[in-house]
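Only one structure is covered here, and it is reproduced in the block below.
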Amino acid sequence: MYDILIENCSIISMNKRNDIFDRCSIGITGGKIESIGPDLKGGASKVIKGKGTYVMPGLINCHTHVYQSLIEGVGYDMHFNPWNIRYLIPIVSKMKPHHARISGELAAIEMIKSGTTTFSDHWYLHTDFNNIEEEAEAFNRSGLRSHLVFGFLNESFAGRKNANGSGAEVLKEESELLERAEDFVSRRHGQNLITAGLGPGSTEDVGTELFRKIISLARKLDVSLVTHIAGWVEIVSRSIEKYGMRDLEYAHSLGFTGDKSIAIHGVWLSEDEIEIAAVTGTGIAHNPVANMNLGYGIAPICRMRKAGIKVGLGTDGAASYTYDMFEIGKAAAMLQKVHKLDAEALTAEDVLSMLTREGASLLGIDEITGSIEVGKQADLIMINADSPNILGGGRPAPLIAYGARSSDVINSIIGGRLVMEDRKVLTLDEKSVLSDANDARTELLELGGSAVKELLDAPWPGRGASWRRLDGQIS
Ligand SMILES: [Zn+2]
C-alpha cells in the first residue's frame with residue numbers, strides 16, 4: 001500500500017542512464033520513491049492518473065533572493081549599482097519580519113506553481129535578525145525543499161555603505177553576524193526540508209578578516225559556502241586594484257574554494273580561475289536572465305562544464321522577473337547558442353540536467369533528490385503533455401526544455417507530500433498571501449522615500465532617463 005501512486009505516466013527519470021519510461025507508474029511511501037514499474041500492485045491512499053503527462057524531477061533554482069519578490073518593477077533596465085543605491089537599499093533597509101514572511105510566501109507560491117521543488121536563497125537582510133527566521137518558517141509551511149544561506153554584510157552592500165542617508169541598517173557587526181549565523185545553522189540545518197549554508201555577500205561586502213572567519217565557521221559546521229563572485233566587470237577591477245588578484249583568485253587565497261563552495265555568477269572568471277574552480281570542486285550558480293537584464297555579460301558555462309565544474313541554474317533576485325525555471329533553462333541554452341554560433345553549444349539535455357540532478361549536486365543534495373530513482377526523496381512534478389502547448393510524442397527533452405512553461409505544471413510532490421494538485425497550491429492560501437503581499441508592497445514602497453515615489457510617478461522613460469544614471473536627478 002503506497003501513500004501516493006502515480007499511474008501510467010511517461011517518466012523522464014534524469015538518472016545516470018537518462019532513462020525515459022513510457023506507460024509506467026511510481027509508488028511513493030514515507031516521502032520516498034518506493035517503486036517504479038509498469039504495473040504496480042498494492043493500492044494507495046492517493047491515486048493520481050498520469051495518462052497524458054510527463055513526470056520529471058522537480059526543478060532546482062540554485063540562487064535567488066526571495067525578499068526581492070516584493071520589489072519587482074522598482075528601477076529597471078539599469079545596471080546593478082544605480083539600481084542598488086537608488087532603489088534597492090532605501091526599500092530593503094526598512095524590511096521587517098512580516099515583510100520577510102510575506103515575501104517568502106509569495107515567492108513560494110510562484111515557485112511551486114512553476115515546478116520548482118528545491119531552491120537556494122541568499123538572505124543578508126538582517127535589519128532584524130528575525131527576518132531570516134520568518135523566511136525559514138514560511139518555507140517550512142510551503143513544503144518546498146530549501147537551501148537557506150545566512151548572508152553577511154559588514155563593510156558594504158555591493159560597494160555602498162549608504163544610500164540617500166539610509167542603508168547602514170543592512171550592515172552588521174562582525175561578532176554579532178558570526179554568533180547569529182552559527183545559531184541559525186545549528187537550529188535550521190536538517191530541520192524539515194532545510195539545509196543551511198553561510199554566505200559572504202561578495203568580496204566587497206565583507207572584509208578579509210570576516211571572510212576568513214566565515215570560511216572557518218562553515219568548515220566547522222560542515223555546511224556550504226556561497227558568495228557572489230565576478231558577476232560584473234567592476235568587481236573584478238576592484239579586486240585587482242585592492243588585492244592584486246582577480247575575484248575568485250582572492251577568495252581562493254582565503255580558502256573559500258572547495259566541493260561545498262558555490263560561486264554565484266562567475267561571469268568574468270579567467271581561464272586560470274576556471275581551472276581553480278575545476279580542481280577544487282567549486283560549483284557555479286548561473287543566472288542567465290538576471291545577467292542579461294543587468295548587462296553583466298555572458299558566463300562561460302560551456303567552458304566550465306567541459307572543465308568538469310558543476311553548474312546549476314538560478315533566477316537571482318528581481319532582475320529575472322520570474323521564478324519560472326523553464327524560462328531560465330531555455331534562456332541559458334539560447335544565450336550560449338547565439339554566443340557561440342553553435343546550435344549544439346548547450347542542448348535540451350544539458351538544460352534538463354542543470355535544472356535537476358546537476359543543480360542537486362551543486363547544492364550537495366544529489367544523494368536524496370534531483371532524479372526519479374527508487375530510494376530517493378519523491379520530489380517530482382507532473383507536466384501536461386496533452387495540450388496545444390506541449391503535445392507528447394516527439395522527443396521529450398526539447399519539448400520540456402524549450403516548450404514547457406509554468407502553466408504546464410499540474411501537480412507537484414515534494415518529499416512525498418502533494419503540495420500542488422490541479423494547479424491549486426495545497427500548503428499556502430494563495431488568495432490571502434496575495435492580499436498580504438499587496439499590502440506589504442504598498443507599505444515598503446512608501447517607506448522607500450522620495451526617489452521611489454518619483455520613479456513611480458515618472459513619465460514613460462526615453463533612452464537615458466535620468467533616474468537610470470547614478471548621478472541622475474529625477475525631474
Ligand atoms: Zn544574487
Side-chain angles (χ1 to χ4, degrees), residues 60-72 74-76 78-85 87-89 91-92 95 100 103-104 107 110-111 116 118-126 131-132 135 146-153 156-160 170 196-206 211 214 224-236 247-248 251 256 261-269 282-297 299 301 311-323 325 328 331-332 359 362-363:
I60 299 181
N61 181 349
C62 291
H63 177 61
T64 187
H65 305 280
V66 295
Y67 76 87
Q68 291 180 13
S69 60
L70 288 172
I71 55 172
E72 287 176 359
V74 185
Y76 58 98
M78 57 207 296
H79 194 280
F80 182 64
N81 254 333
W83 180 51
N84 167 42
I85 187 169
Y87 302 112
L88 204 54
I89 291 180
I91 298 176
V92 303
M95 275 206 144
S103 65
E110 189 180 346
M111 285 193 264
T116 290
T118 298
F119 71 100
S120 175
D121 187 64
H122 196 293
W123 190 284
Y124 48 76
L125 283 175
H126 308 299
N131 285 353
I132 193 167
E135 183 213 20
S146 59
H147 175 246
L148 302 182
V149 179
F150 187 103
F152 291 76
L153 311 173
S156 79
F157 175 21
R160 299 286 165 179
V170 299
L198 300 181
S202 70
T203 56
E204 66 182 354
D205 290 341
V206 300
F211 211 122
I214 298 166
S224 60
L225 265 170
V226 186
T227 195
H228 297 80
I229 290 278
W232 51 94
V233 170
E234 292 84 350
I235 199 167
V236 178
D247 217 17
L248 185 64
F256 167 77
S261 301
I262 301 171
I264 304 157
H265 299 312
V267 173
W268 294 100
L269 291 191
T282 306
I284 296 285
H286 173 52
N287 310 283
V289 175
N291 291 349
M292 285 191 274
N293 193 6
L294 295 165
Y296 282 179
I301 61 160
V311 179
L313 296 175
T315 51
D316 209 354
S320 278
Y321 282 85
T322 188
Y323 280 108
M325 292 303 294
I328 303 297
L362 181 70
L363 299 183

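Heads up: numbering here begins at 1 and tracks the sequence. Computed from heavy atoms alone, side chains included, the values below leave out hydrogens, waters and symmetry copies. Counting starts at 1 for both ligands and their atoms, in listed order. Given the structure is predicted, the values throughout are model-derived calculations rather than measurements.
Ring to ring, Y296 and H79 are close: their centroids are under 6.0 angstrom apart. Outside the 6.0 Å centre-distance limit, the rings of H126 and F152 are not counted as a close aromatic pair.
Between W232 and L294 there is no side-chain heavy-atom pair separated by less than 4.5 Å. N84 has its side chain within reach of I89: a pair of non-hydrogen atoms, C-beta onward, lies under 4.5 Å apart.
Partners of S69 according to the side-chain hydrogen bond (donor to acceptor under 3.5 Å, both in side chains) rule, which considers only residues two or more places apart in sequence or in another chain, do not exist here.
Aromatic ring orientation, Y67 versus Y124: perpendicular (interplanar angle above 60°, classes split at 30° and 60°).
With a cut-off of 2.8 Å, the protein N/O/S atoms near the Zn ion (ligand 1) add up to 4.
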